[in-house]
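No experiment lies behind these values; they were computed from the predicted model shown. Hydrogens, waters and symmetry mates are skipped; everything else that's a heavy atom, side chains included, is used.
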Amino acid sequence: MLAGTATAATLALLGAPAASGHGYTDDPISRQLHCAEGNVEDCGAIQWEPQSVEGPDGFPEGGPADGKICAGGNEHFAPLDNPRGGNWPTQELEAGADHEFRWSFTAAHSTEKFEYFVTNDSYDPLEPLTRDMLEPDPFETVPFEGRPPFEHSHTSRLPGNKEGRHLILAVWTVADTDNAFYACHDVVFTGNGNGTDPGDPELPECDAAAWDAEATYQSGDTVSHGGAEYRARWWTRGTEPGSGGSWSVWDFLGNCR
């Protein structure tokens with residue numbers, strides 16, 4: 001289904017007006033791709049150019065203003081910021097599982113990094129996205145040197161402590177301009193990690209000390225975070241357990257409470 005979605009969007013772009021932007025996500029399915037595919041109505045210009053959600057870089061300290069994040073601060077893409085009464089199509093994702101994030105590019109800029117942010121428990125799908133609805137740090141940062149191919153993907157681990165309706169914000173920071181590309185994804189987290197509930201009384205107690213973002217950990221050190229325990233593969237400081245996918249510094253040891 002997703003492959004067909006991406007193909008249809010590509011075909012639509014062949015007849016679209018020329019645009020200055022150059023990339024969007026097709027897994028998870030971004031709001032701009034839902035517009036390009038006609039899954040939602042009244043999208044305006046973004047339906048013709050889902051690759052064009054470009055705005056200032058430096059998020060969250062910089063970047064688009066609150067309430068205009070999903071559109072990258074572009075007024076003519078404002079329908080992306082419209083919560084639509086909470087009726088944006090959603091995609092189910094398993095909390096704590098590895099997920100392949102897929103991008104399609106119509107012009108592949110020299111790239112600095114890809115970042116993924118997720119909403120916190122204050123998120124309200126009936127309101128436009130603001131910074132205080134997001135966790136302060138990305139749950140995944142993927143450094144990148146050079147130019148990605150026109151179809152690019154990387155596997156990252158989803159947060160293990162989320163359930164229900166949330167929003168994932170993807171930020172692609174390019175290296176040869178002061179801009180970045182933004183994509184919002186409406187998702188529903190199911191399960192928790194390996195499908196277990198961290199509040200389940202049958203789960204073992206978390207024995208390891210809670211992860212401290214300011215602490216330094218050595219290979220073999222264990223921590224608890226987000227209803228799970230992790231073991232450091234090598235020296236680390238400030239890297240959140242549960243992030244990084246298969247390349248993570250942290251080995252997942254199991255859920256706990």
With sequence neighbours left out, which residue pairs that include part of residues 71-100 fulfil the ring-ring contact (aromatic ring centres under 6.0 Å, His included) condition?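 Listed by first then second residue: His99-Phe101.
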NZ/NE/NH1/NH2 to OD/OE distance under 4.0 Å, [X] and [Y]:
X	Y	answer
Lys113	Glu115	yes
Asp221	Arg231	no
Arg84	Asp42	no

Answer whether the closest heavy-atom distance between the side chains of Phe117 and Ile168 falls below 4.5 Å.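 No, side chains not in contact.
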Flag side-chain contact, heavy atom, 4.5 Å: Phe181 against His22: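 Yes - at least one pair of side-chain heavy atoms lies under 4.5 Å apart.
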How about His225 and Tyr230: are their ring centres within less than 6.0 Å of each other?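 No, they do not, as the ring centres are separated by 6.0 Å or more.
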Ser104 vs Asp26, side-chain hydrogen bond (donor to acceptor under 3.5 Å, both in side chains): CA-CA, chis, key distance, verdict: CA-CA 7 Å; Ser104 292; Asp26 58 47; 2.7 Å; yes
Write out all pairs satisfying disulfide bond (SG atoms under 2.5 Å apart) with one or both partners inside residues 114-157, taking only residues at least two apart or from two chains.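 Qualifying pairs: none.
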Could you name each residue pair satisfying side-chain hydrogen bond (donor to acceptor under 3.5 Å, both in side chains) that touches residues 207-220, not counting sequence neighbours?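 side-chain hydrogen bond (donor to acceptor under 3.5 Å, both in side chains) check on residues 207-220 returns Glu214-Arg237.
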Taking the inter-plane angle between the rings of Phe144 and His152 on a 0 to 90° scale, is it parallel (under 30°), tilted (30 to 60°) or perpendicular (over 60°)?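 Plane angle over 60°, so perpendicular.
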Any residue meeting side chain to side chain contact (heavy atoms under 4.5 Å, CB included) with Asn87, in chain and number order, not counting sequence neighbours: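 Expected list: none.
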My understanding is that only residues two or more places apart in sequence, or in another chain, count here; which of them pass salt bridge (Lys or Arg N to Asp or Glu O under 4.0 Å) with Glu229?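 So Glu229 forms no salt bridge (Lys or Arg N to Asp or Glu O under 4.0 Å) with any residue.
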Using residues 60-74 as the side-chain source, report each donor-acceptor pair under 3.5 Å to any protein atom, sequence neighbours left out, with the distance given to one decimal.
from	atom 1	to	atom 2	distance (Å)
Asp66	OD1	Arg131	N	3.1
Asp66	OD1	Arg131	NH1	2.8
Lys68	NZ	Glu75	OE2	2.8
Asn74	ND2	Glu54	O	2.8
Asn74	ND2	Ala71	O	2.8

